[in-house]
Undergrad: 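One structure is given below, represented as structure tokens, and several questions about it will come after.
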2 protein chains.
Amino acid sequence: MPFEPSVQAPFAVAVDLVVLAVHRSALRTLVVRRGESPDRGRWALPGGFVGAQEDLEAAAARELKEKTGLSVHVAGNGDAAHLEQLATYGDPGRDPRTRVVSVAHLVLVSGLGESHESYTGVVRGSVLGDAAGGEPEVRWAPVDELLSADSEMHRRSSPSLLAFDHDRILAEGVDRARAKIEYSSLATAFCPPEFTVGELRRVYEAVWGVALDPRNFHRKVTGTPGFLVPTGGTTSRQGGRPAQLFRAGGATLLNPPMLRPEA
Amino acid sequence: MPFEPSVQAPFAVAVDLVVLAVHRSALRTLVVRRGESPDRGRWALPGGFVGAQEDLEAAAARELKEKTGLSVHVAGNGDAAHLEQLATYGDPGRDPRTRVVSVAHLVLVSGLGESHESYTGVVRGSVLGDAAGGEPEVRWAPVDELLSADSEMHRRSSPSLLAFDHDRILAEGVDRARAKIEYSSLATAFCPPEFTVGELRRVYEAVWGVALDPRNFHRKVTGTPGFLVPTGGTTSRQGGRPAQLFRAGGATLLNPPMLRPEA
DNA sequence: CCTGTTTATCGTCAGTGCGACGACTAGGAT
DNA sequence: ATCCTAGTCGTCGCACTGACGATAAACAGG
């Protein structure tokens with residue numbers, strides 16, 4: 001009994017965003033407090049419905065722009081964020097209202113400005129007033145909190161912190177980021193245009209949640225051709241001995257990869 | 001001007017399948033000849049629309065069952081095929097009829113039975129009669145042909161062999177498979193339940209399109225704990241000295257990975 | 001039976017890359 | 001001056017890989 005294609009359900013198609021940044025040695029993600037009816041008041045990943053003539057990637061970029069003001073150069077090493085498709089979630093019943101198929105996207109933004117004020121400012125400064133009138137509540141939540149709450153949910157079967165199936169989406173987005181900085185130069189997307197080896201190392205440490213040996217890390221990244229190009233300048237914004245500044249090089253794939261400590 | 005969610009277009013949601021197998025030292029994919037109006041007569045990836053209350057993965061498994069008769073153990077090392085989500089394609093205009101968002105899936109099936117008859121039989125034997133009445137034309141096409149035709153398309157701007165944007169979907173599916181057998185034990189999904197080291201090596205050679213040193217390959221796979229489990233039996237179905245038979249072990253991630261020759 | 005062919009399996013050896021860690025450098029703070 | 005912090009250069013041993021020799025166990029054909 002083959003499925004009959006002429007009977008088609010009314011599908012809604014949405015995009016959800018896992019926006020990741022490293023701030024104060026923590027991997028953080030952007031969450032918004034829901035003002036709408038299902039899961040009202042819970043935190044959720046930013047997202048929205050796809051327009052009738054809108055490309056999926058364009059919808060994701062538009063949502064990002066609305067929520068953070070950031071532009072994306074898709075797969076481009078420009079001044080903007082990195083955006084890529086993550087996975088699609090379409091369980092019937094994941095949204096109690098109607099059948100919603102949501103295409104999740106992963107966004108990596110530069111977040112090394114350590115001042116908390118200017119950091120949240122990148123969100124505050126550009127959120128357009130939503131239909132509800134007031135500014136939506138937006139937060140850079142440490143991923144650890146959200147995910148450990150998730151595993152705690154498994155133990156005590158308490159409801160998760162995030163609405164819908166957004167825990168799972170976040171977990172898979174974080175997994176993807178953790179895996180991808182291993183074999184690509186994507187970690188530089190978390191850094192400002194110019195950065196030091198130490199700053200890049202702190203990105204890896206925050207994303208992986210491990211400590212890396214500064215000497216071996218330095219040898220590895222400076223020894224991989226095309227990964228980093230020195231700009232000539234130095235900075236001492238971290239204290240200690242001034243460090244060389246680098247830009248991201250042309251290489252996107254790291255071969256051999258950056259090894260993540262196992263344990 | 002934020003996008004207004006209340007205005008929602010009529011989306012159709014479909015699944016497309018990149019079904020890969022290794023047969024006669026070639027990586028092949030399952031294509032069906034279209035009998036419907038757009039691109040009628042062209043080859044296309046198998047696929048179909050998602051049911052109103054149907055999960056995406058369930059829809060993919062159903063389509064696979066209808067087209068090949070194969071069952072899937074999702075992420076299970078059982079007797080059946082491997083299925084995983086690949087990516088979602090939603091460009092407006094990718095289907096001239098209506099807005100179709102298609103969730104592509106990757107399926108790896110065991111195909112080492114070298115008899116061509118029994119091999120196509122796995123398709124023939126179980127295709128349910130489609131609405132059109134006759135049996136749909138189904139073919140295991142070597143991936144090289146389809147993709148080289150694709151690159152030829154770029155040179156001479158001739159229309160591609162596959163309908164819609166299925167060249168791109170196939171290319172990304174093949175890329176995923178090529179990348180994934182590098183750091184996971186997924187290559188065993190191309191093999192029957194019991195197989196020899198040489199058979200596994202020929203899978204790698206077919207998927208990557210390279211020649212591997214039999215001695216180093218043997219050392220590598222037998223030296224990785226949890227990758228292969230000897231069953232005790234031997235076989236000489238390949239001619240030459242009889243080889244030990246193995247089953248896939250519990251390990252799913254290979255660490256260190258199987259290295260793909262660069263050049 | 002002997003020989004060539006095919007495939008499987010075991011070893012050897014040199015080169016590469018990584019983890020562990022010592023040593024030195026160049027700034028700021030006290 | 002002395003500590004403290006962070007960056008940078010070296011060294012050593014180990015693990016793994018690539019190249020390749022050698023042996024083993026089947027079959028085909030003379």
Side-chain angles (χ1 to χ4, degrees), chain A residues 24-25 112 114 182-183 191 194-206 208 210-246 251 253-263, chain B residues 24-25 112 114 182-183 191 194-206 208 210-246 251 253-263:
Chain A
R24 292 173 174 272
S25 303
L112 273 181
E114 289 298 320
E182 207 165 345
Y183 60 89
C191 296
E194 295 201 350
F195 54 89
T196 69
V197 173
E199 287 166 343
L200 184 62
R201 176 170 50 81
R202 278 181 283 275
V203 164
Y204 275 92
E205 291 177 331
W208 283 345
V210 298
L212 299 176
D213 185 290
R215 299 157 289 190
N216 293 337
F217 184 85
H218 188 277
R219 176 182 58 188
K220 173 69 179 172
V221 296
T222 57
T224 299
F227 192 6
L228 301 181
V229 278
T231 67
T234 62
T235 185
S236 58
R237 56 182 168 227
Q238 301 294 334
R241 170 175 166 182
Q244 275 188 82
L245 284 171
F246 295 87
L253 255 37
L254 302 186
N255 204 284
M258 181 81 58
L259 290 186
R260 165 162 39 167
E262 31 203 306
Chain B
R24 292 173 174 271
S25 304
L112 272 181
E114 289 298 321
E182 207 165 347
Y183 60 89
C191 295
E194 295 201 350
F195 53 90
T196 69
V197 173
E199 287 166 344
L200 184 62
R201 175 170 49 83
R202 278 181 282 276
V203 164
Y204 274 92
E205 291 177 332
W208 283 344
V210 298
L212 299 176
D213 186 290
R215 298 157 292 191
N216 293 337
F217 184 86
H218 189 277
R219 177 182 60 190
K220 173 68 179 173
V221 296
T222 57
T224 299
F227 192 7
L228 299 182
V229 186
T231 66
T234 62
T235 185
S236 59
R237 58 181 167 229
Q238 301 295 333
R241 169 175 167 182
Q244 273 189 82
L245 284 171
F246 295 87
L253 256 36
L254 302 186
N255 205 285
M258 181 81 59
L259 291 186
R260 167 162 37 168
E262 32 204 306

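Residue numbers start from 1 in every chain, and the chains themselves are labelled A, B, ... in the order their sequence lines are given, proteins ahead of strands.
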Undergrad: Could you give the distance from CZ (A:Arg237) to CZ (A:Phe195), rounded to the nearest 0.5 Å?
TA: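 If I round to the nearest 0.5 Å, the distance is 10.0 Å.
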Undergrad: Atom CD in A:Gln238, atom CZ in A:Arg241: separation rounded to 0.5 Å?
TA: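 So the gap between those two atoms works out to 15.0 Å.
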Undergrad: Using a cut-off of strictly less than 4.0 Å between a heavy atom of the residue and any atom of DNA chain D, enumerate the qualifying residues of residues 216-231 of chain A by number.
TA: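 Output list: A:His218, A:Arg219.
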Undergrad: Tell me: CG of A:Leu259 to P of C:dT16, nearest whole Å?
TA: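 The distance from CG of A:Leu259 to P of C:dT16 comes to 18 Å, rounded to the nearest Å.
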Undergrad: Can you name the residues that form a side chain to side chain donor-acceptor pair (under 3.5 Å) with A:Glu182, not counting sequence neighbours?
TA: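 By the side chain to side chain donor-acceptor pair (under 3.5 Å) rule, A:Glu182 matches A:Arg260.
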Undergrad: Within the distance-only criterion (no hydrogens, no angle test), does the side chain of B:Glu205 pair as donor or acceptor with the backbone N or O of B:Leu212 below 3.5 angstrom?
TA: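 Confirmed, B:Glu205 side chain pairs with B:Leu212 backbone.
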Undergrad: Mind checking if A:Arg237 touches a base, just sugar-phosphate, or nothing, with heavy atoms under 4.0 Å?
TA: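 If one applies the 4.0 Å heavy-atom cut-off, A:Arg237 turns out to touch nothing in the nucleic acid.
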Undergrad: Tell me: CG of A:Leu212 to P of C:dG19, nearest whole Å?
TA: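 After rounding, the reported distance stands at 9 Å.
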Undergrad: Do B:Val210 and B:Tyr204 come within less than 4.5 Å of each other through their side chains, counting heavy atoms only?
TA: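 In short, these two side chains do not touch, never coming nearer than 4.5 Å.
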Undergrad: Enumerate the residue pairs fulfilling salt bridge (Lys or Arg N to Asp or Glu O under 4.0 Å) with a member in residues 218-234 of chain A, sequence neighbours excluded, ordered by first and then second residue.
TA: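 Residue pairs with at least one partner in residues 218-234 of chain A: there are none.
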Undergrad: I want to confirm an ordering. Mapping A:Phe246 and B:Arg260 to their closest nucleotides on DNA chain D, which one lands closer to the 5' end?
TA: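 Per heavy-atom nearest nucleotide, the more 5' residue is A:Phe246.
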Undergrad: Could you pull out the closest heavy-atom pair between A:Phe246 and A:Thr222, with the gap in Å?
TA: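 Closest pair (atom of A:Phe246, atom of A:Thr222, distance): CZ-CG2, 4.4 Å.
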Undergrad: At what distance, to the nearest 0.5 angstrom, does OG1 of A:Thr231 lie from CG of A:Leu245?
TA: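 Result: 4.5 Å between the selected atoms.
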Undergrad: Assign a letter to each nucleotide of nucleotides 24-30 of chain C from its 5' end: B, base within under 4.0 Å of a protein heavy atom; S, sugar-phosphate only; -, no contact.
TA: -BBS---
Undergrad: What is the distance from CG of A:Leu254 to P of C:dC18, rounded to the nearest Å?
TA: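 So the CG-P distance, A:Leu254 to C:dC18, works out to 11 Å.
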Undergrad: What's the separation between atom CD in A:Glu199 and atom CD in A:Glu194, rounded to the nearest 0.5 Å?
TA: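 The distance works out to 10.5 Å.
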Undergrad: Looking at residues at least two apart in the chain, or sitting in another chain, which of them share a side chain to side chain contact (heavy atoms under 4.5 Å, CB included) with A:Asp213?
TA: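 A:Asp213 satisfies side chain to side chain contact (heavy atoms under 4.5 Å, CB included) with A:Arg215, A:Asn216 once adjacent residues are dropped.
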Undergrad: Between which nucleotides of DNA chain D, read 5' to 3', does contact with chain A run, using atoms under 4.0 Å from its heavy atoms?
TA: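 First-to-last contact on DNA chain D, by the 4.0 Å heavy-atom rule, is D:dT5 to D:dT11.
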Undergrad: In Å, rounded to the nearest 0.5 Å, how long is the span from CG of B:Leu253 to CZ of B:Phe227?
TA: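 Output value for this atom pair is 11.0 Å.
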Undergrad: B:Asp213 CG to C:dC10 P: how many Å, rounded?
TA: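 After rounding, the gap between these two atoms is 14 Å.
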Undergrad: Can you measure A:Asn255 atom CG to C:dT16 atom C1' for me and round it to whole angstrom units?
TA: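 Rounded to whole Å, this separation is 13 Å.
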Undergrad: Please give, in whole Å, the distance from C:dC18 C1' to A:Glu182 CD?
TA: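 About 14 Å, once rounded to whole Å.
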